[in-house]
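Here the structure comes first, spelled out in structure tokens, and everything after it is commentary.
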There are 2 protein chains.
Amino acid sequence: MANDINIAAICNCTKIRRAQRHITRLYDTCLAESGAGVRATQFAILGLLKREGPKTMMELANMMTMDRATIGHNLRPLERDGLVRIEVSQSDRRARIVSVTDEGKKRIEIGRSGWERAQTEFEGLLGHEQAQSMRNMMDEVIGLSFSIN
Amino acid sequence: MANDINIAAICNCTKIRRAQRHITRLYDTCLAESGAGVRATQFAILGLLKREGPKTMMELANMMTMDRATIGHNLRPLERDGLVRIEVSQSDRRARIVSVTDEGKKRIEIGRSGWERAQTEFEGLLGHEQAQSMRNMMDEVIGLSFSIN
DNA sequence: ATATTTTAGTCTTATATGCCCGTAAAAGCA
DNA sequence: TGCTTTTACGGGCATATAAGACTAAAATAT
């Protein structure tokens with residue numbers, strides 16, 4: 001059966017997914033405690049829009065390494081709660097321009113303390129250099145151009 | 001505003017989530033091409049059950065670094081398709097014993113080629129040593145005991 | 001200028017993830 | 001023994017993720 005190899009132990013996908021779940025629970029918990037009312041991904045999207053300015057959905061999807069449909073779904077609760085604004089682009093009526101609202105910016109500030117607590121907790125346990133090393137490695141992974149797709 | 005720091009660039013959670021999405025797309029695509037009819041997480045659960053034998057949901061949740069409710073949700077499609085069996089434990093009627101069926105084992109074999117293609121593609125681009133290093137780092141992350149929760 | 005192709009986003013469907021609450025059973029305690 | 005607490009799951013809810021089909025609009029080709 002050649003089933004001696006322990007796939008779970010060497011599968012890069014399984015490993016990173018497990019680690020991602022663990023980290024996300026930490027950040028989501030801290031963000032929830034801060035009272036920002038946003039999850040990790042939402043916090044990331046809002047922060048990106050605040051820093052980089054309005055972006056189309058495609059641009060957001062690329063910047064977040066996310067499917068365009070996923071961005072659309074993720075934006076819906078944010079739009080419903082008034083944290084982002086979505087408008088038809090004037091220069092290309094197919095595109096939608098997404099921008100963070102004042103309320104969205106407020107939420108970022110509220111959530112920042114929670115994010116910092118999670119970030120501090122994580123790096124305190126793993127070590128700053130190890131964390132930096134991990135982020136660099138993640139950047140490399142994100143940059144890989146797979147032959148499929 | 002102290003908004004000069006680029007949260008997206010230093011947030012460990014955002015980075016690992018982005019990388020996870022990228023990797024998962026590769027593995028899911030290859031698994032789909034193999035015709036196994038299972039996704040990355042399902043493949044991991046089936047493989048774990050095949051290798052380690054029947055497990056309770058709690059055990060599965062711990063081994064997968066997953067919420068126990070999540071395991072329950074993830075098992076539903078597998079049970080529906082006859083890839084796993086879920087029975088009440090005789091020694092503890094609260095617990096459910098999950099085991100992989102013959103059909104489930106068959107799916108693993110079918111999917112193995114897809115998994116290997118993804119694994120080869122990933123490690124070919126990132127490098128075997130880098131991949132090993134990444135998995136070790138993920139193991140460290142998984143092992144962290146956060147003070148919250 | 002018209003026809004074709006490509007691109008941006010939506011809608012549907014399905015899995016993935018985890019919280020909270022409730023139920024039932026086991027474990028611990030008085 | 002009987003009461004309380006803990007534990008294992010299920011149900012409901014909400015967000016997260018992406019493939020596939022579809023629509024509309026822009027870009028390109030003829």
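Note that the coordinates shown come from a computational prediction; the quantities given were computed from them, not determined experimentally. Below, chain A is the first sequence line, B the second, and so on; all start at residue 1.
- Atoms NZ and CE, on A:Lys15 and B:Met137 in that order, are 13.5 Å from each other to the nearest 0.5 Å.
- Distance A:Phe43 CZ to D:dA16 C1': 18 Å, rounded to the nearest Å.
- If you measure from atom NZ of B:Lys55 to atom C1' of D:dC9, you get 18 Å, rounded to the nearest angstrom.
- A:Arg76 has its CZ atom 20 Å from the P atom of D:dC13, to the nearest Å.
- In summary, the side chains of B:Glu140 and B:Asn136 do not present any donor paired with an acceptor at a separation below 3.5 Å, with no hydrogens or angles considered.
- Using a cut-off of 4.0 Å between Lys/Arg side-chain N and Asp/Glu carboxylate O, A:Glu79 and A:Arg76 are scored as not salt-bridged.
- Residue contacts shown for B:Thr24 are absent, as no nucleic acid heavy atom lies under 4.0 Å away.
- Put simply, the side chain of A:Ser34 gets close to the backbone of A:Leu31: a donor and an acceptor are under 3.5 Å apart.
- Atom CG in B:Leu75 sits about 13 Å away from atom P in C:dT15, given to the nearest Å.
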Grab the N/O contacts between the protein and nucleotides 1-4 of chain D below 3.5 Å, and write none if there aren't any.
none

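- Atom CZ of B:Arg21 is separated from atom P of D:dA16 by 10 Å (rounded to the nearest Å).
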Show each protein N/O and nucleotides 20-25 of chain D N/O combination with a separation under 3.5 Å, one pair to a line.
none

task: Kindly indicate, with the supporting measurements, whether the criterion side-chain contact (heavy atoms from CB on, under 4.5 Å) is fulfilled by A:Leu83 and A:Gln42.
output: CA-CA 10 Å; A:Leu83 309 189; A:Gln42 299 177 323; over 6 Å; no
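- Straight-line distance from the CG atom of B:Leu60 to the C1' atom of D:dC9: 13 Å, rounded to whole Å.
- For A:Arg17 and A:Glu59, each mapped to the nucleotide of DNA chain C holding its nearest heavy atom, the one lying further toward the 5' end belongs to A:Glu59.
- Counting to the nearest Å, the P atom of C:dG9 and the CG atom of A:Asn62 are 10 Å from each other.
- Using bins of under 30°, 30° to 60° and over 60° for the plane-to-plane angle, the ring pair A:Phe122/B:Phe146 lands in the tilted bin.
- Between C:dC19, D:dT17, C:dA16, one nucleotide has an atom nearer to the side chain of A:His73 than all others, and that is D:dT17.
- Atom pair B:Ile71:CD1 and D:dG10:C1' shows a separation of 14 Å (rounding to whole Å applied).
- A close approach under 4.0 Å does not occur between any side-chain nitrogen or oxygen of B:Arg39 and OP1 or OP2 of D:dA19.
- Checking D:dC9, C:dT15, D:dA16 against every side-chain atom of A:Thr41, the shortest atom distance belongs to D:dA16.
- Residues A:Gln20 and A:Met58 each lie close to DNA chain C; by heavy-atom proximity, the contact nearer the 5' end of the strand is made by A:Met58.
- Nucleic acid contact class of A:Thr70 (heavy atoms, under 4.0 Å, all strands): base.
- The shortest distance between the side-chain N/O atoms of A:Arg80 and the OP1/OP2 oxygens of D:dT15 is below 4.0 Å.
- The residue among B:Asp28 and A:Asp81 whose nearest nucleotide of DNA chain D is located toward the 5' end is A:Asp81.
- Distance from the side chain of B:Thr56 is smallest for D:dC9 among the nucleotides D:dT15, D:dC9, C:dT15.
- The side chain of B:Asn74 places an N or O atom within less than 4.0 Å of a non-bridging phosphate oxygen (OP1 or OP2) of C:dT17.
- The existence of a salt bridge linking B:Lys106 and B:Glu109 is excluded, since no basic side-chain nitrogen approaches an acidic carboxylate oxygen closer than 4.0 Å.
- Electrostatic pairing of B:Glu103 and B:Arg107 counts as a salt bridge here, judged by a charged N lying under 4.0 Å from a carboxylate O.
- The listed nucleotides are D:dA18, C:dC19, C:dG9; the one nearest the side chain of A:Arg25 is C:dC19.
- Residue-level contact check: B:Ser89 touches neither bases nor backbone, having no heavy atom under 4.0 Å from any strand.
- When atom types are taken as modelled, the side chain of A:Asp28 and the backbone of A:Arg39 share no donor-acceptor pair closer than 3.5 angstrom.
- Minimum atom distance to the side chain of A:Met57 is reached by C:dG9, of the listed D:dG10, C:dC11, C:dG9.
- Checked by atom type and distance alone, the side chain of B:Arg21 pairs as donor or acceptor with a backbone atom of A:Met64 at under 3.5 Å.
- Contacts of A:Glu123 classified as salt bridge (Lys or Arg N to Asp or Glu O under 4.0 Å), with partners at least two apart in sequence or in another chain: A:Arg135.
- Along DNA chain D, the nucleotide nearest A:Gln90 and the nucleotide nearest A:Met66 are compared for position; the residue whose nucleotide lies closer to the 5' end is A:Met66.
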